[in-house]
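Single-structure report; data block below.
Throughout, a chain's letter reflects where its sequence line sits, starting with A, and its residues are numbered from 1.
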Amino acid sequence: MKYCTFAPLLKHLHNMEREVRVRFAPSPTGALHIGGVRTALYNYLFAKKMGGKMLLRIEDTDQTRFVPGAEQYIFESLEWCGIKLDESPIHGGPHAPYRQSERKPMYMDYALQLVEAGHAYYAFDTAEELDAMRERLKAAKVATPQYNAITRATMKNSLTLPEDEVKRRLESGEPYVIRLKVPRKEEVRLKDMIRGWVMVHSSALDDKVLMKSDGMPTYHLANIVDDHLMGITHVIRGEEWLPSAPLHVLLYRYLGWEDTMPEFAHLPLLLKPDGNGKLSKRDGDKLGFPVFPLRWVDPVSGEVSSGYRESGYLPEAFINFLAFLGWNPGTQQELFTMEELIEAFSIERIGKSGTRFDIQKARWYNEQYLRAKPDTELAQYLLAALPEQDIACSPERAEKIVGLMKERVTFPQDFWKEASYFFVAPTQYNEQVAAKKWSAAAAGAFEQFRNELGSLTEFNADTVKALLLQVLERNGLKIGQVMQALRIALTGVEAGPDLMAIIEIIGREETEQRIDAALSKLAQYAA
RNA sequence: GGUCCGUUCGUCUAGGGGUUAGGACACCAGAUUUUCAUUCUGGUAACAGGGGUUCGAUUCCCCUACGGACUACCA
């Protein structure tokens, strides 16, 4: 109780003069998933908005879950997203090392400090004994079976065992853990920047393990020690941490760090599209969209999961989309560059409720960003796809093509997929449209058109169109009656940009050849 | 089960004691067009339910329902 009156005020004063420092602290247990990327993004936006620093810390205290390549994947993902780190295991920094496994020696001191102060204790219970305890409590219909102020009295720990036996066990190298001695009854309050005051009774918390028997700290101890040592001012993390946040407050208090305790902001979760549970790594591609920023190959199972990058999402679009999942600027503006996001960002405008994931919106953002790019840049996407097709194309020609196609693509790879007819004559025709639109009259007109193409002194969309109209008029045909047929003849498909522009790009000779081919291949419909 | 968090159109959300409850995506219709797409115009569509407080509640309070998270020597 004695802390409650002044601590918040002191903390407030203290934090006001501190440089904002936030951290993103993933564990390298696999690919970083999209929810993690959003957490990283919000941390980054907040840090930059406040003129502060963002660091990345690898939380690898569970050696059994280490996955090779995961750490590299995290860095590559953040880099692709444009989230820049000020300090990290690879960027270095004043608080190195930034991998908890490399910081291992420093945690025990703090755990022992807690033991000495009477806020933690040694426990020697085996896994079997813990199971038995939980079974017993369950059988006795105890609402929450946990290692706590009541049950600790029945277990093997330094609070129940005689002092000399505890000493003997420790000296003989018997495995032990250090547990936090959570008070029996005490209200623990914490102020969350998104949710306001959250109150939890200490009886709902159990005596969490702080140091594991392998000598590694658990997340709970390690994150408090490191956040304190690294000068973290704001902890922005997922809502799944909210239930254990009071425990963390207790740790700050017992370690004597309450006056510089970071402020907390627990982010609403990213939910599956049906709202049924949070988006998880294990969802892979099951939901019909990637849950990872980059493609990921599981090093053990070899299972491949698709990524946003490889699917054709632009990092700017991906980030803009992600930023709006749970946050909004309160204005009508939808499109934001990273700089604009930083400028507009505030934690107060983060929503409270879980956010369902909607891939449709991500596609829309991608289209917007794609269309905003200059043709010279878009041309690179098309050009990049051509060598493997064994096709040569000048940058100027590619530019013209993407200029015509950009309004109708969602991803960069669509340029080749949707526009291959600029390079390759159709080998088959849309039969439905052919059956409906091809006619003897049309075919006749096309033949004349084809034969007169050679007479044009200038060959471009305008002159070609003029010629076509002339031929059609001579044959008593309307443009609407035959255009679809001509489109099929030249491209094979029913949809696409302005046909005359297509003709201009594929050129006179190719146009003549394609009409010839169509006249013979589609003759069956000319009845 | 227990603890905690949440609930405005199908989805993301704005708003906030008196509003025609606003926008975006998606969807539908019309216009333009040589097709499709784009673009433009218009449209369908929401305050979970019940109690209070109040002249008045979607907004504040309580309860219920529903949803979610957590409940490891994992993070």
Side-chain angles (χ1 to χ4, degrees), chain A residues 25-29 59-62 64-65 100 123 125-127 130-131 134 138 141-147 175-179 192 194-195 198-201 203-206 208-220 222-223 237-246 266 268-269 271 273 275-278 321 324-335 349 351-365 367 371 405-410 418 430 433 437 465 468 478-488 491 493-500:
Chain A
S27 53
T29 56
E59 309 232 324
D60 55 352
T61 52
D62 186 355
T64 64
R65 292 207 306 159
Q100 289 183 328
D125 314 278
T126 63
L130 289 172
D131 283 346
R134 293 195 186 100
K138 239 177 9 193
K141 299 261 191 289
V142 172
T144 47
Q146 54 183 11
Y147 205 120
Y176 67 91
V177 300
I178 294 178
R179 285 181 181 272
D192 184 273
I194 295 172
R195 283 150 226 286
V198 177
M199 212 105 70
V200 178
H201 196 84
S203 63
L205 271 22
D206 62 352
K208 280 275 182 292
V209 169
L210 266 20
M211 292 296 296
K212 302 187 264 188
S213 56
D214 65 358
M216 276 288 194
T218 58
Y219 168 83
H220 300 295
N223 106 80
R237 79 234 288 194
E239 192 185 358
E240 67 266 31
W241 293 109
L242 195 51
S244 58
H266 289 92
L269 264 15
L271 273 21
N276 217 223
K278 70 169 175 176
F321 163 69
F324 270 67
L325 249 30
W327 170 87
N328 79 86
T331 65
Q332 309 281 70
Q333 188 180 349
E334 305 273 342
L335 267 19
R349 296 206 65 87
K352 291 178 170 61
S353 48
T355 305
R356 295 191 200 195
F357 194 85
D358 180 17
I359 194 64
Q360 204 62 49
K361 196 112 179 199
R363 292 170 58 91
W364 178 79
Y365 272 111
E367 287 164 0
R371 283 167 204 172
M405 297 301 293
K406 65 199 282 188
E407 301 290 303
R408 59 194 77 227
V409 299
T410 302
E418 307 283 323
N430 181 320
V433 178
K437 299 284 186 182
K465 184 167 191 180
L468 179 66
K478 284 247 166 47
I479 194 164
Q481 297 174 274
V482 299
M483 216 46 158
Q484 273 299 76
L486 186 56
R487 179 178 292 280
I488 293 291
T491 70
V493 294
E494 71 293 346
D498 177 50
L499 231 204
M500 299 305 129

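Using N1 to N3 plus N6-O4 or O6-N4 for Watson-Crick, or N1-O2 and O6-N3 for G-U wobble, each under 3.5 Å, C27(B) pairs with G43(B). In a base pair of the Watson-Crick type (N1 to N3 plus N6-O4 or O6-N4) or a G-U wobble (N1-O2 and O6-N3), with each distance short of 3.5 Å, G18(B) is matched with C55(B). In this structure, C9(B) forms no base pair with any nucleotide, since neither Watson-Crick nor G-U wobble geometry is met with both distances under 3.5 Å. For U38(B), there is no paired base (Watson-Crick or G-U wobble, both distances below 3.5 Å). Under the Watson-Crick and G-U wobble criteria, each requiring two contacts below 3.5 Å, nucleotide C70(B) is paired to G2(B).
Listed pair T61(A) / A75(B) meets the phosphate criterion, a side-chain N or O lying under 4.0 Å from OP1 or OP2.
Taking for each of H201(A) and W364(A) the nucleotide of RNA chain B with the nearest heavy atom, the 5'-most of the two is the partner of H201(A). Judged by closest nucleotide on RNA chain B, M483(A) is the one of D60(A) and M483(A) placed further toward the 5' end.
Between C27(B) and C12(B), the two C1' atoms lie 16 Å apart (nearest whole Å). Between A29(B) and G16(B), the distance separating the two C1' atoms is 33 Å to the nearest Å. For A31(B) and G68(B), the P atoms lie 45 Å apart once the distance is rounded to whole Å. Rounded to whole Å, the P atom of C61(B) lies 11 Å from the corresponding atom of G6(B). On the P atoms, U41(B) is 34 Å away from G49(B), given to the nearest whole Å. The separation of U44(B) from G22(B), taken at their P atoms, amounts to 11 Å, rounded to a whole angstrom. Annotation: U38(B) and U19(B) have their P atoms spaced 37 Å apart (nearest Å). Taking atom P on both C28(B) and G67(B), the two are 31 Å apart, rounded to the nearest angstrom.
For Q332(A), whose side chain is taken as the heavy atoms from C-beta onward, the closest listed nucleotide among U35(B), G22(B), A37(B) is G22(B). Comparing atom distances between the E334(A) side chain and each of G6(B), A24(B), U38(B) picks out A24(B) as nearest. For A204(A), counting side-chain heavy atoms from C-beta on, the closest listed nucleotide (C25(B), U3(B), U38(B)) is U3(B).
Every residue meeting the side chain to side chain contact (heavy atoms under 4.5 Å, CB included) condition with R356(A), not counting sequence neighbours, appears here in chain and number order: L271(A). With sequence neighbours excluded, the residues that form a salt bridge (Lys or Arg N to Asp or Glu O under 4.0 Å) with E367(A) are R371(A). Contacts of W241(A) classified as ring pair (Phe, Tyr, Trp, His ring centres under 6.0 Å), with partners at least two apart in sequence or in another chain: Y219(A). For Q146(A), there are no side chain to side chain donor-acceptor pair (under 3.5 Å) partners two or more places apart in sequence or in a different chain. Scanning for side chain to side chain contact (heavy atoms under 4.5 Å, CB included) contacts around K361(A) gives F321(A), E334(A), D358(A), Y365(A), with sequence neighbours left out. Under the salt bridge (Lys or Arg N to Asp or Glu O under 4.0 Å) criterion, R237(A) pairs with no residue, sequence neighbours left out. For D206(A), the salt bridge (Lys or Arg N to Asp or Glu O under 4.0 Å) partners two or more places apart in sequence, or in a different chain, are K208(A). With sequence neighbours excluded, the residues satisfying side chain to side chain contact (heavy atoms under 4.5 Å, CB included) with D125(A) are A123(A), E129(A), L130(A), Y147(A), M155(A), K156(A).
Following rounding to the nearest Å, Q484(A) (CD) and U35(B) (C1') show an atom-to-atom distance of 4 Å. K138(A) has its NZ atom 13 Å from the C1' atom of G2(B), to the nearest Å. Between the CZ atom of R195(A) and the C1' atom of U7(B) there is a distance of 13 Å, rounded to whole Å. Distance E407(A) CD to C40(B) P: 11 Å, rounded to the nearest Å.
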Next on the checklist: Determine whether K352(A) and I194(A) satisfy the following criterion, side chain to side chain contact (heavy atoms under 4.5 Å, CB included), listing intermediate values before the conclusion.
Outcome noted: CA-CA 7 Å; K352(A) 291 178 170 61; I194(A) 295 172; 4.2 Å; yes

Next on the checklist: Let's go through M483(A) and L468(A) carefully: what are the C-alpha distance in whole Å and the side-chain angles of both, what is the deciding distance for side chain to side chain contact (heavy atoms under 4.5 Å, CB included) to 0.1 Å, and is it a yes or a no?
Outcome noted: CA-CA 10 Å; M483(A) 216 46 158; L468(A) 179 66; 4.0 Å; yes

Taking only distance into account, with no hydrogens and no angle test, what donor-acceptor pairs under 3.5 Å do side-chain atoms of residues 209-216 of chain A form with protein atoms, sequence neighbours excluded?
from: K212(A); atom 1: NZ; to: T61(A); atom 2: O; distance (Å): 3.0
from: D214(A); atom 1: OD1; to: M216(A); atom 2: N; distance (Å): 2.9

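In terms of modelled atom types and a separation under 3.5 Å, the side chain of R363(A) and the main chain of T410(A) share no donor-acceptor contact.
Base contact: R487(A) has a heavy atom under 4.0 Å from a base atom. Looking at heavy-atom distances under 4.0 Å, M199(A) makes contact with sugar-phosphate atoms alone, never a base.
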Mind listing the N/O atom pairs, protein and nucleotides 66-73 of chain B, below 3.5 Å?
from: G68(B); atom 1: OP1; to: N276(A); atom 2: ND2; distance (Å): 3.2
from: A69(B); atom 1: OP1; to: K278(A); atom 2: N; distance (Å): 3.1
from: C70(B); atom 1: OP1; to: K278(A); atom 2: NZ; distance (Å): 3.3
from: C73(B); atom 1: OP2; to: R134(A); atom 2: NH2; distance (Å): 3.4
from: C73(B); atom 1: OP2; to: R179(A); atom 2: NH2; distance (Å): 3.4
from: C73(B); atom 1: O2; to: S213(A); atom 2: N; distance (Å): 2.7
from: C73(B); atom 1: O2; to: S213(A); atom 2: OG; distance (Å): 2.8
from: C73(B); atom 1: N3; to: S213(A); atom 2: OG; distance (Å): 3.0
from: C73(B); atom 1: N4; to: D125(A); atom 2: O; distance (Å): 3.3

Find every protein N or O atom lying less than 3.5 Å from an N or O atom of nucleotides 58-62 of chain B, and list the pairs.
none

Quick test: give all pairs of protein nitrogen or oxygen and nucleotides 9-16 of chain B nitrogen or oxygen below 3.5 Å, distance rounded to 0.1 Å.
from: C12(B); atom 1: OP1; to: R356(A); atom 2: N; distance (Å): 3.0
from: C12(B); atom 1: O2'; to: F324(A); atom 2: O; distance (Å): 3.0
from: U13(B); atom 1: OP1; to: G326(A); atom 2: N; distance (Å): 3.1
from: U13(B); atom 1: OP1; to: T355(A); atom 2: OG1; distance (Å): 2.9
from: U13(B); atom 1: O3'; to: N328(A); atom 2: ND2; distance (Å): 2.8
from: A14(B); atom 1: OP1; to: N328(A); atom 2: ND2; distance (Å): 2.9
from: A14(B); atom 1: O3'; to: R349(A); atom 2: NH2; distance (Å): 3.2
from: G15(B); atom 1: OP1; to: R349(A); atom 2: NH1; distance (Å): 3.4
from: G15(B); atom 1: OP1; to: R349(A); atom 2: NH2; distance (Å): 3.3

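At a threshold of 4.5 Å between non-hydrogen side-chain atoms, the residues D62(A) and T29(A) do not count as touching. Put simply, the side chain of P329(A) does not reach to within 4.5 Å of the side chain of R349(A), judged on heavy atoms.
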